[in-house]
Structures are given as structure tokens and as C-alpha cells.
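Only one structure is covered here, and it is reproduced in the block below.
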Number of protein chains: 2
Amino acid sequence: MASVAKEGQSDDASGEVRFVRQYDKRPQGGLAEKRAAILEGGLKAFAQHGYTRATIDSIAFRSGVSTRTIYNHFCDKEHLFQEVIQFSAERVAQAYLAIIDRYLRKVTDLEDDFLDLGRAWVEPMPEYADHDALVRQILAEAAHIPVAAIRAWQEAGPLRVRRALAAALRRLAELGWLHVDDPESAALHFTLLVSAGQHPHRQIAPLENRTIDLVAAGIRAFLYGYAR
Amino acid sequence: MASVAKEGQSDDASGEVRFVRQYDKRPQGGLAEKRAAILEGGLKAFAQHGYTRATIDSIAFRSGVSTRTIYNHFCDKEHLFQEVIQFSAERVAQAYLAIIDRYLRKVTDLEDDFLDLGRAWVEPMPEYADHDALVRQILAEAAHIPVAAIRAWQEAGPLRVRRALAAALRRLAELGWLHVDDPESAALHFTLLVSAGQHPHRQIAPLENRTIDLVAAGIRAFLYGYAR
DNA sequence: TAAAATGTACAACGAGGATTGTATACTCCC
DNA sequence: GGGAGTATACAATCCTCGTTGTACATTTTA
């Protein structure tokens with residue numbers, strides 16, 4: 001494990017900030033701004049280093065806030081993590097909902113429009129660059145996160161997006177553009193196939209067990225695609 | 001984060017072992033056995049709790065070994081982690097290679113045989129139950145693991161399997177069973193589609209950037225599958 | 001402008017945990 | 001049966017980090 005440059009004194013990564021007194025970069029405004037800054041800093045820290053490695057000190061420093069202020073806004077590190085997850089998931093979900101709406105509201109050329117959709121889907125979104133890394137941390141930490149928090153994240157993020165995509169696909173099927181038996185599976189398959197380049201490996205999800213059905217559906221799609 | 005029951009004194013999970021003196025469950029045999037036991041225990045601990053949370057003490061306890069013995073076999077926690085990764089990756093890769101060989105060596109009914117292959121692919125392998133969790137930990141820790149170790153893992157595990165699958169698909173194409181332009185992509189798509197039920201969410205992989213091509217390929221497969 | 005909120009620096013506490021040294025106990029081979 | 005190699009228990013070291021208390025500064029608000 002390459003040792004991470006100690007934070008809190010001189011920031012890592014970009015090195016923009018070094019030995020700056022907290023006062024200088026203090027976000028103007030009241031309660032809400034501090035809170036937002038902490039969430040943003042926490043997102044970066046948790047995403048890059050994971051829950052345990054991300055120290056409160058480093059989060060405070062990234063956020064331009066004292067550690068005490070963090071404890072004034074969030075009861076402890078664990079709850080901060082959960083709120084960061086929720087914060088980031090909601091924001092990114094919004095972006096995907098916008099993409100779905102933009103490319104699937106009106107379809108004129110099926111293949112062209114889906115290609116555009118696919119490209120938009122995997123186009124990196126620099127504003128939310130850390131979110132994917134955060135998701136990896138969530139998946140790794142899943143066993144140590146309360147079930148309620150996991151569920152809340154799923155509902156606010158991935159499930160919400162998938163449902164919207166499924167609805168869009170169902171609509172296209174009703175308009176005669178597609179043949180879709182199970183819009184939910186179709187939406188899932190779409191996201192998997194489209195971001196195949198992003199996935200180097202496989203990961204798990206013990207939340208659903210319609211495994212058999214999904215295997216069959218996957219095989220069918222695969223064979224339709226490759227068996228001509 | 002649900003606090004984890006402290007290990008090393010009374011084991012968690014199954015609770016099979018509590019306050020057992022190391023002597024009692026000491027694996028018989030010499031050097032190699034100790035080493036194997038440590039790798040096995042490390043695998044469980046790292047998979048369940050992640051790199052930082054898995055303590056050397058807990059690994060020692062699970063392995064039925066003293067912490068000192070761990071340090072006699074592995075120079076430090078970091079290297080132990082890397083060796084555990086390699087160990088598990090190789091073992092699981094073997095299992096998948098066997099599956100590929102078993103179901104794709106001789107094909108008589110395309111759909112039936114691929115369905116069997118797909119079911120075998122996602123059939124949980126209890127012997128290697130922890131491996132998926134370990135992979136999640138690797139992905140989360142990736143930024144803190146030396147590039148060489150990541151690459152070694154990829155080569156020994158996922159890439160090796162994917163290449164074998166690609167070779168099998170290419171052979172089936174040559175025999176006229178399939179139409180496959182790019183066996184590598186086809187293999188990747190197969191694994192993604194087949195384990196769609198296992199993946200609740202998306203994950204990343206900054207190792208390849210033929211993103212555009214893969215998007216197009218994914219879309220094509222998707223449309224072939226769902227646009228009839 | 002002054003009280004109330006809120007934020008900051010600083011220091012302290014306490015727990016957990018990686019790593020190492022050491023003296024003692026086992027095991028295996030000759 | 002005894003020595004070499006290995007393992008064990010135990011304890012000590014040293015460091016990181018979450019969390020809290022406190023006195024002082026800043027900002028907001030009325």
C-alpha cells in the first residue's frame with residue numbers, strides 16, 4: 001500500500017492548498033454552507049481513501065473547517081459517511097435522470113439515439129468524479145453499514161435511475177420502437193452492456209435473487225446479439 | 001457502521017470457536033501448512049472486514065496461529081494482503097477455467113449448453129465464498145495497492161479467465177456456432193450479462209479506455225437482443 | 001452595537017492496532 | 001535423545017485517530 005501523504009498539514013492530490021490557515025479559506029455564510037462544504041470534503045476523502053483511512057482531520061482540512069465544526073454538524077464519523085453517501089447519490093441520480101430524459105424523450109433513429117445515450121451514459125462527469133470511487137467504498141463497507149442506510153442509498157441512487165430508465169424503455173416499447181418483456185431487466189442489461197468498458201471485474205449484490213431468470217435473460221440477449 | 005464483535009478473543013460469525021487456546025486447533029504439519037492456514041484466514045478476514053479493519057490479531061486467531069508466526073511468514077500486513085489476493089484469485093480462476101472447459105469443449109445445443117454454462121457461472125461456489133467480497137475490497141483499496149500487485153492479480157484472475165472464455169468463443173465461431181467479431185468483448189459481455197443478477201450497481205475500471213468501441217458493441221448487442 | 005450562534009485553535013484522553021523482542025515450548029529429523 | 005527450525009505467549013513500543021472540553025474569535029441578527 002503506497003503510503004498516503006499525510007493530510008491536514010499539506011494537502012495531497014493537486015497540492016493547491018498548503019499550510020493555509022483555516023481562516024483564509026473559510027466559506028462565507030451560515031450553517032448550510034459549512035454543512036455543504038463538509039459533505040463535499042467528506043465525499044472526496046471517503047471516495048479516495050475509504051471510510052477508515054479517511055480521517056476526520058483530513059476531511060476538516062479539505063472542507064476548510066475545524067474538526068470541531070464537523071462534530072457540530074454531524075454526530076460522528078459514521079453518520080457523516082452515511083450523509084455523504086446520500087448527498088452524492090442524489091446528485092448523480094439527478095444527472096442520469098436528465099440524460100434519460102434528454103435522449104429518450106423523443107426517438108427518431110433507434111440506433112443513433114441509443115448510441116448517443118450510451119455515450120452520454122459513460123461520458124465522465126467531472127463535477128461528480130468522485131462518485132464512482134465512493135460507490136466502490138460503499139460496496140466494500142456494505143457489511144459495516146446499517147441496512148437502512150444501504151437501502152436509502154439504493155432508493156435515492158441506482159434504483160431510482162434504473163426505474164426511470166425502465167419506464168423510458170417501456171414507453172418506447174409501447175410506441176413500437178422496442179420489444180421489451182421485462183423493462184427492469186432491460187434497463188439493467190442496458191447499463192451493464194453500455195458500461196462494460198468501465199467494469200474491469202465483477203462485483204456482488206446479495207439484494208436480489210431472481211438469479212435464474214436473469215441468467216436466462218442475459219443468455220438470451222447474448223445469443224441474440226452474437227448468434228445472429 | 002455496525003460495530004464488529006471484537007475478534008481474537010471470541011470469534012464472530014459462526015461462533016464455532018470461543019476462547020480456544022491456540023494449541024488446541026493448531027494445524028499439524030510444517031511450514032507450508034502454516035502458510036496456507038494464514039492465507040486462508042487472511043482471506044476470510046480481509047474479505048469480511050477490508051484491509052484496515054482486518055487486524056493481524058484477528059487473522060492470527062482465525063488461522064489458529066500466533067501473530068508472530070504471521071510475521072515469520074510475511075514481512076508485513078501489506079504484503080500479506082497482496083499474497084492473499086494472488087492466492088484467492090488463482091484458485092477461483094482455476095474453477096472458472098474448469099467450467100469453461102466443461103461446458104464449451106463440446107457444444108451440441110447452443111442455447112441449452114449456454115444456459116448450463118451461465119447457471120454454472122453464477123452458481124455460488126461455497127468453497128470460495130469469500131472471493132467476491134475480497135474483490136470488492138481490492139477495488140476499494142485499489143488506489144493504495146501498488147500497480148504491480150493490481151496487475152498481477154488481474155493477470156492471474158479475471159484476465160486469465162476472460163482470455164480462456166474468449167478463446168472458447170472464438171473456437172465456437174470457427175465451428176460455425178457463433179458469429180463473433182471480437183472474442184474479448186464477447187467474453188466480457190457474456191460475463192456481464194450472465195451475472196447481471198449479481199451486480200446491483202456499477203463499478204469502475206480505469207485500466208482500459210477503448211470505451212467508445214465498447215459502448216458501440218454494447219449497444220449493438222443490446223439492440224440485437226431487444227429490438228428483434 | 002451587543003447578545004446569541006457558530007466557528008476556531010489547541011490540547012487532552014483513551015482505544016486500537018501494527019510491529020518487534022524474548023524466553024519458552026514443540027516437532028521433526030538424524 | 002538432542003539439536004535445528006519453527007511456533008507460542010507475553011509484553012512493550014510507538015503511532016494514529018476519534019472524540020470531547022475549553023477559552024477565544026467571528027458572524028449573524030435583532
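Per chain, numbering begins at 1; letters A, B, ... match sequence-line order.
With B:S88 contributing its side chain and B:V84 its backbone, the two residues share no donor-acceptor pair below 3.5 Å.
For C:dT8, one of the phosphate oxygens OP1 or OP2 lies less than 4.0 angstrom from a side-chain nitrogen or oxygen of A:T69. Residue A:K34 places at least one side-chain N or O closer than 4.0 Å to OP1 or OP2 of C:dT8. Contact annotation: A:H73 does not reach the phosphate of C:dT6 (side-chain N/O to OP1 or OP2, under 4.0 Å).
Atom pair A:F61:CZ and C:dA9:C1' shows a separation of 15 Å (rounding to whole Å applied). Computed from coordinates, the B:R53 CZ to D:dC17 P distance equals 14 Å when rounded to whole Å. Computed from coordinates, the B:E33 CD to D:dG5 P distance equals 19 Å when rounded to whole Å. Between B:F81 atom CZ and C:dT19 atom C1' there is a gap of 19 Å when expressed in whole angstrom units. Distance, A:R35 CZ to C:dT6 C1': 15 Å, rounded to whole Å. With rounding to whole Å, A:Y71 atom OH is found 17 Å from D:dT22 atom C1'. If you measure from atom CG of B:N72 to atom C1' of D:dA9, you get 13 Å, rounded to the nearest angstrom. Taking atom CG of residue A:D57 and atom P of nucleotide D:dG18, one finds them 7 Å apart after rounding to whole Å.
A:F46 and A:Y51 have parallel rings, their planes meeting at less than 30° on a 0 to 90° scale where 60° marks the start of perpendicular.
Nearest-nucleotide positions on DNA chain D for A:A54 and B:I70 put B:I70 closer to the 5' end. Taking for each of A:I56 and A:R68 the nucleotide of DNA chain D with the nearest heavy atom, the 5'-most of the two is the partner of A:I56.
Nearest approach of B:G50 to B:Q137, heavy atoms of both residues: CA-OE1, 3.2 Å.
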Tell me, with the steps shown, if B:W121 and B:Y96 meet ring-ring contact (aromatic ring centres under 6.0 Å, His included).
CA-CA 7 Å; B:W121 200 270; B:Y96 278 102; 4.6 Å; yes
